[in-house]
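Since the structure comes first, as structure tokens, the remarks are kept for the end.
Quick note on labels: first sequence line is chain A, next is B, and so on, each numbered from 1. Keep in mind it's a predicted model, so treat the numbers as computed, not measured.
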Number of protein chains: 2
Amino acid sequence: MNAEPALHHLEPAIRRLNKLAPLTGEEIAALQAGTGLAHRVSAHREVMADGEPVTGPSLVLKGWACRVRIFRDGRRQILGFLLPGDLIGLCDQPEPLASTMVTAITEVTLCPAPHPVEKGSRLATAYALSRALDENYLLRHIGRLGRLSAYERLIDWVAEIHERLALAGLATPASFPMPLTQEILADTLGLTSVHVNRTLQMVRRQGLMDVRNGRVTLTDPANLRRLVESRPTRVSASLSTQDLAVSAA
Amino acid sequence: MNAEPALHHLEPAIRRLNKLAPLTGEEIAALQAGTGLAHRVSAHREVMADGEPVTGPSLVLKGWACRVRIFRDGRRQILGFLLPGDLIGLCDQPEPLASTMVTAITEVTLCPAPHPVEKGSRLATAYALSRALDENYLLRHIGRLGRLSAYERLIDWVAEIHERLALAGLATPASFPMPLTQEILADTLGLTSVHVNRTLQMVRRQGLMDVRNGRVTLTDPANLRRLVESRPTRVSASLSTQDLAVSAA
DNA sequence: CGACAAGTTGATGTTACTCAAAAGTGGTGG
DNA sequence: CCACCACTTTTGAGTAACATCAACTTGTCG
């Protein structure tokens, strides 16, 4: 338990948590022990069913998943994404039930997240910050759907995902993977896939970004930052904006 | 601290928490002690500013408040409502910062929420359930904004508020107070106030409900339940659906 | 090569927005 | 009690954004 592996060898998921709150060697070791119990869920399969009992928190190690609600008539709304380093099932009521279905978009690797030994520990802080960020992503999504145009929704969403992937070291300042079909993007942004297609062409023609082949390339990052409303998400005074800024992997 | 006041004399706010998890006499007494420190915020004033440090959790005793985001160009999106019995500022990261502005819609009475003595106590459970319900309201709002028509958004939202007020004993099976202008409703549902007005006329003409003078009257509750997607919110196996069902005050 | 999913395009329809003004409501002070 | 004000609700006419429908193209993988 004394091994302190070099940070740059860590899983992206652990890098993210470590960035939220610098972890102790023991905590990193516990997380890495957890990765031994990892299991995979292949693309398009359900990671968790709506209303099912939640056994304990899990950590996403690899791949993209999403929380989704499906309506009786088949309409679908994606509520949010789960990216490497994100936690699923963090809550503290007894006998919790999943509030949404979770679906794997790509193949996803998950592992049990260690229970923080003590309240106030670094790991507990990282979990709390992760939870606060999650709430923030939901709030931002509400603002996006309620008040932004299709064009604005798209660029705001891209900016958010960029920021989030950067936290796990999975984005460069100008590019990141984005393995979604236009239909999934449509169910995220509250649009139709046809309209998403046209909106994507528009941002491309404007020279703002290029979304293609499962990858986003930001061709004008400065302009993007200017167009997007929110400054980097801030949920605790002890977490500097610096830590959350997008920088090279 | 041994006084166990009759439940029907309790504040609506305490009734709600007690419904989420039957509280001990000590816990009820602690909550009532907190009400002695209540303070008021008059209508239209800010309860909490975005980005401000959060000192500790507060309990809404009376009145309506909302969490809101305002965009640079003045567009506004209401993210959710805070009703009697709801908690503000429940989170466990160190030095938390408010993630949204909170505004009083009517005059609001707030008091500090006692810190749960021990993990796993009834009060801690009530807080955890309240937090889980809050998340659910955000998720439901996302589904509403992303995939429902104006008509559907309105009735789904009314059904949610009805369910929530009933939890605090503030709604009858067919009616409840709703002190919002059509403009606020518009900023909630992602519409314009003109369109909200027309949609309200539509539900009225259909005989579904009447929204008028700061009060909603459900003229066809059975049909409303049929039209609305979600069953009563369920976030824990230990909290029966029965407890959350709408019944007479 | 063939099959299937994803992306693209065009024509048309509908929902909700915009602008503008009138009518209703409630509170205040003379 | 009335006049006045600010705010909210209501109505109408025209428009813009996004949805729908249907076909066609491209890419991927066996």
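- Residues B/H44 and B/Q201 both approach DNA chain D. Their nearest nucleotides, taken by heavy-atom distance, put B/H44 toward the 5′ side.
- The minimum heavy-atom distance linking A/L17 with A/L59 is given by the pair CD1-CD1, 4.0 Å.
- Summarising the geometry, the separation between CG on B/L191 and P on C/dT15 is reported as 14 Å, rounded to the nearest angstrom.
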- side chain to side chain donor-acceptor pair (under 3.5 Å) between A/H141 and A/R144: does it pass, once the steps are laid out? CA-CA 5 Å; A/H141 202 35; A/R144 196 147 49 210; 3.1 Å; yes
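- Rounded to whole angstrom, the span from the CZ atom of A/R147 across to the C1' atom of C/dT18 amounts to 13 Å.
- OP1 or OP2 of C/dC17 has at least one side-chain nitrogen or oxygen of B/T192 nearer than 4.0 Å.
- Contact check, A/Q182 against C/dT8: a side-chain N or O comes under 4.0 Å of OP1 or OP2.
- Counting atom types as modelled, A/R212 pairs no side-chain N or O with a base atom of C/dG7 as donor and acceptor under 3.5 Å.
- A/G190 comes within 4.0 angstrom of sugar-phosphate atoms only, judged by non-hydrogen atoms across all strands, and of no base.
- A straight line from CZ of A/R75 to P of C/dT15 spans 12 Å, rounded to a whole angstrom.
- Between the B/R69 side chain and the B/Q77 main chain, no donor and acceptor come within less than 3.5 Å of each other.
- Where DNA chain D meets chain B (any atom under 4.0 Å from a heavy atom), the bounding nucleotides read 5' to 3' are D/dT8 to D/dA13.
- OP1 and OP2 of C/dG7 both lie 4.0 Å or more from every side-chain N or O belonging to A/N197.
- Across B/V216, B/T217, B/L165, a single residue satisfies side-chain contact (heavy atoms from CB on, under 4.5 Å) together with B/M178, and that is B/V216.
- Within a 6.0 Å radius of CD in B/E183, no more than 12 heavy atoms belonging to other residues, nucleotides or ligands are found.
- Rounded to whole Å, atom P of C/dT8 lies 12 Å from atom CG of A/L185.
- Across B/W64 and B/P177, no two heavy atoms sit closer than the pair CZ2-O, 3.4 Å.
- The NE2-C1' distance, from B/H195 to C/dT14, rounds to 11 Å in whole Å.
- Side-chain atoms of B/V194 lie closest to C/dC19 of the nucleotides C/dC19, C/dT9, C/dA16.
- What separates CZ of B/R153 from C1' of C/dT15 is a distance of 10 Å, to the nearest Å.
- Contact annotation for A/S149: backbone-only contact, meaning every heavy-atom pair under 4.0 Å involves sugar-phosphate atoms and none involves a base.
- One interatomic measurement links the two molecules: CZ of B/R198 to P of C/dT15, which rounds to 14 Å at whole-angstrom precision.
- Taking the centre and axis of the six-membered ring of A/Y137, the NZ or CZ atom of A/R164 falls inside the cone set by 45° and 6.0 Å.
- In this structure, B/E183 places its CD atom 14 Å from C1' of C/dC17, rounding to the nearest Å.
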